[in-house]
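Take a look at the structure set out below.
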Amino acid sequence: MSSNPLAPAWLQVPAEPNALDASVWSRTAARDESSGEIALGGVTVGELAARYGTPLYVVDEADARGRAAEAVESFGREFGRIGTTVSVYYAAKAFLSVEIARWVAAAGMRVDICTGGEFAVARAAGVDPSLMGFHGNNKSLGEIDRTVAAGIGVIVLDNADEVVRVADAADRHGVVQAVRLRVNSGVHASTHEYLATAREDQKFGVPLADAPEVVAAVRERASLRFLGLHSHIGSQIFGSDGFAEAASRLLGVHADLLRDGDVPELNLGGGFGIAYTSADDARPLTELAAALADIVDEECRRLGIPVPVMAVEPGRSIIGPSGTTLYEVGTVKDVLVTADDGSGQAVRRYVSVDGGMSDNARTALYAADYSVAIANRASSADPVLVRVAGKHCESGDLVVLADYLPGDVAPGDLVGVPATGAYCWSLASNYNHVGRPPVVAVVDGESRVIVRGETEADLLARDAGLS
């Protein structure tokens, strides 16, 4: 079957429409050979939908725990190979709940938080504050005071103002607070503009050229202990070239800073990409860990400086592939569209589901691509180009911009969108007064709620207009 001219160039007609791409789906996802139904963690999607309803976030617990443990082991092994140690932080902004915080902590990860709310969740999970890092470009005075008082492991200074704010809080509580300085390396990651966080015109960090002056101010305060520089060049990054350039620039300043004092650490951040579609070539963390270790080792040798203690902050790459969102199809509609290249007209099928931008804002925010599959059955029908749309009052309310589904997709079908573990629940909203879906963990044939879904009563409970 030939491709639809409306399909993006990267999207190919699937040779086997019922197959689940292992690079995109969670590790325990499997389609039953007889019924054609997909199971996640040994639990069928039909059972999940019947018990919890749809939309439904499903997290493959074994997958998430496994990826967390592999990150700790891989980075530890590779940086150990070049004679240093590494702290591996879980970037909580990707998706944080009490259970997930416990999973990553049990795997040996530290936790990177950027708000008081994330701090509260990690604390509720039993994570030791000394194993947390606190990010953010505008930390409130209350958040700084609260985390310093609790014994936060490290605060990442994002600007010169925070030197005074954090030092004053440390003075009040009679402690010496460890800090890193986030710098803007100027390295442009190959990603969406809003995901690239090291551009010159950017709210995060201080210019690399200004780092010595800010570090000098840190060193003047007895209540602060400077650990080193921090960089985060963006998100959804597949290659190591950007990290190589950032590391080179940071280590050059790192070497200069060594002349006036100790600089024990270097944090290269995160942003490691995952596969959302079969066209995405995401490198395993094992390979990225080896590449980053080689980059740091080579640059330190060139500069003639000791290899510092390292830190990295994976988030999406831990939880992203572990998540799948289940929806029920409500309506199916064919639309005749003129192709952009002028090659003529073709049909795009709109498959509308019972969720949308309130449970996955990434498509609207970044034009993010996703995959989709009929989840409750297999089909021998020829594939057709589809666009999965949500139920909200926005023309941009799209979940999957382009993929192929069997042509007999129909109302009542369950569809699964894989790789939704990161930045879907954490960006969810109540747009159109839709309650956020529950989050269910599946493992070894069992399921349980780890975040309760919202009801209409929950939405009304916050409305002060009710007496």
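All of these numbers come straight from a predicted model, not from anything done at the bench.
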Residue pairs fulfilling ring pair (Phe, Tyr, Trp, His ring centres under 6.0 Å) with at least one residue in residues 426-448, sequence neighbours excluded:
His392-Tyr431
Can you name the residues that form a salt bridge (charged side-chain N to carboxylate O under 4.0 Å, His left out) with Asp32, not counting sequence neighbours?
none
Verify salt bridge (charged side-chain N to carboxylate O under 4.0 Å, His left out) between Arg448 and Glu61, making sure each step is shown before the conclusion.
CA-CA 11 Å; Arg448 69 186 190 282; Glu61 181 176 347; 2.8 Å; yes
Quick one: CD1 on Ile38 to OG1 on Thr28, what's the gap to the nearest 0.5 Å?
11.0 Å
What's the spacing between Asn4 CG and Arg349 CZ if we round to 0.5 Å?
11.0 Å
Using the salt bridge (charged side-chain N to carboxylate O under 4.0 Å, His left out) rule, collect all pairs that involve residues 103-113, keeping only residues at least two apart or in two chains.
none
Any residue meeting side-chain hydrogen bond (donor to acceptor under 3.5 Å, both in side chains) with Asp397, in chain and number order, not counting sequence neighbours:
none
Going by ring-ring contact (aromatic ring centres under 6.0 Å, His included), name the residues that satisfy it together with Phe95, two or more places apart in sequence or in a different chain.
Trp425
Set out, in order, the CA-CA distance, both residues' side-chain angles and the distance that settles side chain to side chain donor-acceptor pair (under 3.5 Å) for Asp60 and Ser26, then state yes or no.
CA-CA 7 Å; Asp60 185 335; Ser26 70; 2.9 Å; yes
Rounding to 0.5 Å, atoms CG (Asp408) and CG (Asp382) come to a distance of 10.0 Å
Has Glu47 got a side-chain atom pairing as donor or acceptor with Ala39's backbone, closer than 3.5 angstrom?
no
Is a side-chain N or O of Asn18 found less than 3.5 angstrom from the main chain of Gly36, in a donor-acceptor match?
no
Can you tell me if Arg436 and Tyr57 form a side-chain donor-acceptor pair at under 3.5 Å?
no
Residue set satisfying side-chain hydrogen bond (donor to acceptor under 3.5 Å, both in side chains) with Arg81, at least two apart, ordered chain then number -> Glu78, Asp294
Pair His135 and His232, ring centroids less than 6.0 Å apart
no
Can you pull the salt bridge (charged side-chain N to carboxylate O under 4.0 Å, His left out) pairs that have at least one residue in residues 272-285, sequence neighbours excluded?
Arg283-Glu287
Could you tell me whether a side-chain N or O of Glu143 sits under 3.5 Å from a main-chain N or O of Gly116, the two making a donor and an acceptor?
yes
With sequence neighbours excluded, residues passing side-chain hydrogen bond (donor to acceptor under 3.5 Å, both in side chains) with Glu265
Arg180
Under the side-chain hydrogen bond (donor to acceptor under 3.5 Å, both in side chains) test, which residues partner Thr84, sequence neighbours left out?
none
Residue pairs involving residues 116-132 (criterion side-chain hydrogen bond (donor to acceptor under 3.5 Å, both in side chains); sequence neighbours excluded)
Asp128-Ser130
Show the atom names and distances, to 0.1 Å, of all donor-acceptor pairs under 3.5 Å that link a side chain in residues 439-447 to residues at least two apart or in another chain.
residue, atom, partner, partner atom, Å
Ser447, OG, Arg51, NH1, 3.3
Ser447, OG, Tyr52, OH, 2.8

Going by ring-ring contact (aromatic ring centres under 6.0 Å, His included), name the residues that satisfy it together with Tyr89, two or more places apart in sequence or in a different chain.
none
